[in-house]
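Below is one structure, written out as C-alpha cells, with a few remarks after it.
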Amino acid sequence: MAETNPVPFFDDDLPAPKPGGIAARALAASGRGAKDYLAGLNPEQCEAVQTLDGPLLVLAGAGTGKTRVLTTRIAHILATGRARPSEILAVTFTNKASREMKHRVASLVGDVAEGMPWLGTFHSIGTKILRRHAELADLKSSFTILDTDDQIRLIKQILSAENIDEKRWPARSLAWTIDGWKNRGLSPKEVPAGEGASFANGKGKQLYEAYQERLKTLNATDFGDLLLEPIRIFRESPDVLAQYHRRFKFMLVDEYQDTNVAQYLWLRLLAQGPRNLCCVGDDDQSIYGWRGAEVDNILRFEKDFPGAKVIRLERNYRSDAHILGAASHLIAHNQGRLGKTLRPQGEDGEMVTVAGSWDSGEEARAIGEEIEQFQRQDVSLDEVAILVRASFQMREFEDRFMTLGVPYRVIGGPRFYERQEIRDALAYLRCVNSASDDLAFERIVNTPKRGLGDATVQTLNGIARSARIPLMEAARMAADTEELKPKPRQTLRDLTQCFQRWSHAAETMKHTDLAEMVLDESGYTEMWRQDRSPDAAGRLENLKELVRSMDGFENLQGFLEHVSLVMDTDTGDADEKVTLMTLHAAKGLEYDVVFLPGWEEGLFPHQRSLDENGRAGLEEERRLAYVGITRAKKRAKIYFASNRRIHGMWQSSIPSRFLDELPDTHVEVVEAPAAFSNRGFGESRFDRIEPFGSTYNTPGWQRAQQRRETFTANSFGNGYSGRRGGPTVIEGELVAKSTANAASYELGERVFHDKFGYGDITEVEGNKLTVQFDKAGQKRVIDSFVKRV
DNA sequence: ACTTTCAATCTTTTT
DNA sequence: GATTGAAAGT
C-alpha cells in the first residue's frame with residue numbers, strides 16, 4: 001500500500017460535497033445505521049469514541065486499545081455525518097502507525113481511506129501544507145526534502161565556507177543543534193542569544209541563518225522545516241490558517257506524549273478553530289525526549305486546552321497479569337507521571353524471567369536455544385521478538401541466528417533507503433526529476449568515476465554560485481566554455497546531455513523503465529557489476545528491488561516524495577521470522593514472546609542518557625524498560641551479561657538497576673540454559689559448529705569472531721564500503737569578488753581573469769564571453785569569472 | 001585524478 | 001571496531 005497519496009496535493013481543495021457522499025456510504029457500510037462498530041468496546045473506550053466535541057485527552061496505557069479507539073472514533077465521526085473524510089485531520093508520529101490506521105479505518109468503514117487525505121504523519125501532512133503555500137515560505141512547491149545525510153553535507157559546505165575547523169566543530173553536532181532548535185520551534189532569529197553562541201565561538205546562530213539561506217536557494221527543506229514553515233505561515237497569514245480551521249472539523253493525534261514543541265505549536269494553531277481536538281497518548285511511554293519530545297505536552301494538556309476532558313483507558317487486553325505486574329511495579333519508580341493503574345483482563349500467565357550469562361555471546365546462544373525450543377513447540381516465530389537497547393547488540397544475534405539457521409528479520413536496522421547504492425540511484429532520479437537538485441547532482445557527478453574530481457566540482461560550484469544557477473546548468477555552461485580542461489569538459493558535456501535526454505524521456509516513459517534506463521546508461525549498474533567486492537551482488541539486487549518498489553507509484557515525483565518521507569520499506573515477506581529490533585522501534589507492537597537482553601548498567605540504562613539528562617534521563621530509560629516488558633503478551637524474558645564487548649574491548653558490567661526494581665512476586669530468576677557452557681570443555685551440542693571452544697577472551701578468539709562478523713555482514717548486504725562524498729570547498733576569494741560584478745560586458749572591454757590574466761572582450765553571448773587574452777590567447781569564459789580592469 | 005595508507009575519533013534511540 | 005578524513009603515493 002502506498003502511504004503517500006499518489007493523487008497530487010491539490011485534489012481536495014474544493015470541499016464540494018460529492019454526490020452520494022462518502023459519509024453516506026460509510027453509514028451504509030457500518031451496517032444499516034446500527035452502531036456495530038461500538039460493539040465490543042468497553043465503557044471507557046466507548047466514551048472516548050463518542051465524546052466528539054471539545055478537547056479530549058485519552059490516556060491510554062500500554063495495550064488498552066488505543067489505536068482501536070482512534071480508528072473507531074474516525075468511523076463514528078463519519079457514520080454520524082459530523083464530517084467528511086477530508087475534513088478530519090489525523091496525525092501520527094510514524095509511518096507505520098499511519099499505515100496501520102489507514103488500514104483499520106478502511107476495514108471499519110469500507111474503502112474510504114482514499115478519501116482521508118489528511119491522515120498521515122506530522123511530516124507528511126506538514127509537507128502537504130507547505131507544498132500548497134510554498135511561495136509564502138519563499139520556496140517553490142516542488143521543493144525537495146533533505147534527509148540527514150544531505151543535511152550534513154550541506155552543513156559541511158557551510159562550515160568550510162566560514163572557515164570553521166570541522167575537527168573542533170563537527171557538522172554532525174551543528175546539525176543536531178539546529179535540529180534541536182527546530183524541534184523547539186525556533187527560527188534563527190528566535191534562538192536565545194546564549195544558546196546561539198554555543199557553537200563555534202558564538203557563530204551558532206549565524207550558521208543556522210546561513211543554513212536556512214542555503215536551503216532556500218536550493219529550494220529545499222529539512223525535516224524540521226516541514227513543521228516550522230507551516231507554523232510560520234499560519235502565524236503570518238491568518239487567512240491561510242482560517243482556511244484550515246474551516247476544513248478540519250475534527251483533529252486526532254496519536255502518541256501525543258511524543259510531540260515536540262514545534263508539533264505542539266502546530267496543533268495549537270490548528271485547534272484554535274473548531275476545538276475538537278482528541279489526543280491519545282501515554283506519558284509512561286514517552287521515549288523520545290532526546291529528540292525533543294516534551295512529556296510536558298501531555299502533562300499540561302488540561303491547562304493548554306481549557307475545558308478538556310480526560311479519559312483513562314486502564315484495561316489491558318494484551319499481557320498476562322505477571323507481565324503487567326512487573327511492568328507496573330517498575331514504572332512506579334518514576335516520579336512525574338499522570339498515573340494509571342493497568343488492570344489485567346486475563347490470567348496470571350507466566351512470570352517474567354531474569355537470567356544472567358557470562359558474556360554477550362553466551363546470552364545470544366541462550367536466547368537462540370530458547371527460540372529453537374519454541375520453534376519445536378510450534379510457537380510461530382512471528383510471535384517472537386528480541387528487543388535491544390542499542391543497535392550494536394543486534395549483530396551478535398544476527399550472527400547466532402545465521403549459524404543456527406533461524407530465520408529473522410531486522411526492523412530499523414540499516415535502512416533500505418540509506419544504503420549507498422540506493423541513495424546514489426535516487427540521486428540520479430532526483431536529478432532527472434529536477435535539474436536544480438544540487439546536492440543530488442554533486443553526489444553523482446563522479447559516480448561512477450568519470451574523471452570529474454574535486455577541482456572540477458569546485459569550478460562548477462563557483463560558476464553556479466556567482467551566476468545563481470543550479471549546478472547542472474553550470475555544468476552545461478562549463479562544457480561550452482574554456483574554464484576547464486578539455487577532458488572534463490567533454491565528460492561534462494556528455495553527462496549533461498544524458499540528463500537532458502533522460503528528463504525528456506521522463507515525460508513519455510514509464511517511470512520504472514526510465515529508472516532502469518538511467519541506471520544502465522549512466523554506467524551505474526555497470527560499476528557494481530565490475531565491482532569484485534562480495535557485497536556487490538547484493539547491491540545490484542537492492543537496485544532491482546528499488547525499481548520494483550517504484551512500481552507502486554503513479555510517477556517519479558510521487559515516488560521520490562514517498563522516499564524522502566518514508567525511510568522504511570514494507571518488508572512484506574510472509575515467512576515466519578523472529579523479529580529483531582530496538583526498544584524504540586518496538587513501541588506499539590506486541591508479541592507472544594519477548595526477549596530483553598542487555599539489562600546492564602551503562603547499556604540499559606544507557607550511560608549517556610544518565611550523563612546528559614540525569615534523573616530525567618533515567619526516567620526515560622525506565623519508560624523504555626516499561627515499553628519493552630509491555631510488548632509481551634505471554635512471556636517476557638530478561639537477560640544480562642557480565643561481560644560485553646564495547647568499542648571492541650571487553651568490559652565487565654553489573655546488572656541493571658531496573659532488575660532490582662522488579663517485584664519478586666512476578667519475577668523468577670532462572671539460569672540460562674547455556675550457562676557456564678563456556679568453561680572450555682563441555683560445549684553444549686548447539687555449540688558444535690563453533691570452532692572456537694576454549695576461552696572466549698583470547699585474542700585469537702576475538703579475531704576469529706571479527707572475521708566471522710565481516711563475513712556474515714556481507715551476506716546481509718549491509719556493508720558500507722568507504723563512502724567518499726567529495727568534500728566540496730565552495731567560496732573563496734574568487735567567488736566573493738566575482739559575485740559583485742554580475743553586470744553585462746561590452747565588446748572591447750578590458751578584463752582580468754584569475755587563470756588567463758588580462759585580455760580584451762571580442763564577443764559577448766549572454767553570460768559567456770570570448771576574450772582575447774594577452775598571454776593565453778582566445779578563450780571562452782563565463783562573465784562572472786572575469787572582472788573589469 | 002585516483003588509490004592506498006594511516007591516524008584520529010567516537011560510539012543510542014529516528015521522523 | 002568501524003568509520004572518517006587527510007596525506008602520501010601511483
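Order of the sequence lines sets the chain letters (A, B, ...), proteins ahead of strands, with each chain counted from 1.
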Closest listed nucleotide, where the reference is the side chain of [X] and the choices are [options]:
X: K449(A); options: dT3(B), dT14(B), dG5(C); answer: dT3(B)
X: H123(A); options: dT15(B), dC2(B), dT14(B); answer: dT15(B)
X: H584(A); options: dT13(B), dT12(B), dT15(B); answer: dT13(B)
X: K156(A); options: dT13(B), dC2(B), dG5(C); answer: dG5(C)
X: W290(A); options: dC2(B), dT14(B), dT15(B); answer: dT14(B)

For [X] and [Y], does a side-chain donor sit closer than 3.5 Å to a side-chain acceptor?
X: E526(A); Y: Q530(A); value: yes
X: Q257(A); Y: D283(A); value: no
X: S656(A); Y: E600(A); value: no
X: T127(A); Y: S124(A); value: no

_Whether over 12 other heavy atoms sit under 6.0 Å from R529(A) CZ_ =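 Correct, the count exceeds 12.
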
*asked:* Need one value for F93(A): base, sugar-phosphate or nothing, where a base atom within 4.0 Å counts as base even if backbone is also close, heavy atoms only.
replied: sugar-phosphate

*Going by an N to O cut-off under 4.0 Å, is there a salt bridge joining R153(A) and E442(A)?*
no

*Would you call E294(A) and R184(A) a salt bridge, using N to O less than 4.0 angstrom?*
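No, E294(A) and R184(A) are not salt-bridged.
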
Provide, to the nearest angstrom, the distance between the [atom1] atom belonging to [X] and the [atom2] atom belonging to [N].
X: R395(A); N: dT12(B); atom1: CZ; atom2: P; answer: 14 Å
X: Q607(A); N: dC10(B); atom1: CD; atom2: P; answer: 17 Å
X: H606(A); N: dT13(B); atom1: NE2; atom2: P; answer: 8 Å
X: N260(A); N: dT14(B); atom1: CG; atom2: C1'; answer: 12 Å
X: W266(A); N: dT15(B); atom1: CH2; atom2: P; answer: 17 Å
X: R644(A); N: dT11(B); atom1: CZ; atom2: C1'; answer: 15 Å
X: R623(A); N: dT13(B); atom1: CZ; atom2: C1'; answer: 13 Å
X: I646(A); N: dT9(B); atom1: CD1; atom2: P; answer: 21 Å

_Polar pair under 3.5 Å, donor/acceptor by atom type, side chain R608(A), base dT11(B)_ = no

*Given Q420(A) and R423(A), is the side-chain hydrogen bond (donor to acceptor under 3.5 Å, both in side chains) satisfied, shown in steps?*
CA-CA 5 Å; Q420(A) 184 194 348; R423(A) 295 188 50 83; over 6 Å; no

*If each of T456(A) and E621(A) is mapped to the nucleotide of DNA chain B with the nearest heavy atom, which maps nearer the 5' terminus, i.e. the 5' end?*
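Its nearest nucleotide lies further toward 5', so the answer is T456(A).
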
*Relative to the 5' end of DNA chain B, which residue comes earlier, A585(A) or P170(A), by the nucleotide with the nearest heavy atom?*
P170(A)

*Do the side-chain N or O atoms of T127(A) get closer than 4.0 angstrom to the phosphate oxygens (OP1, OP2) of dT15(B)?*
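No, T127(A) has no side-chain N/O under 4.0 Å of OP1/OP2 on dT15(B).
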
_N446(A) side chain near dC2(B) phosphate (N/O to OP1/OP2, under 4.0 Å)_ = yes

*In what stems does DNA chain B take part, counting only runs of at least 3 consecutive Watson-Crick or G-U pairs whose two distances fall under 3.5 Å?*
B:1-10 with C:1-10

*asked:* I'd like to check, for F223(A), whether its ring lies over the base of dT15(B) with centroids under 5.5 Å apart and a plane angle smaller than 30°.
replied: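 A stacking contact exists, since F223(A) sits close and nearly parallel to the base ring of dT15(B).
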
*When the C1' atoms of dT4(C) and dT13(B) are considered, how many whole Å apart are they?*
22 Å

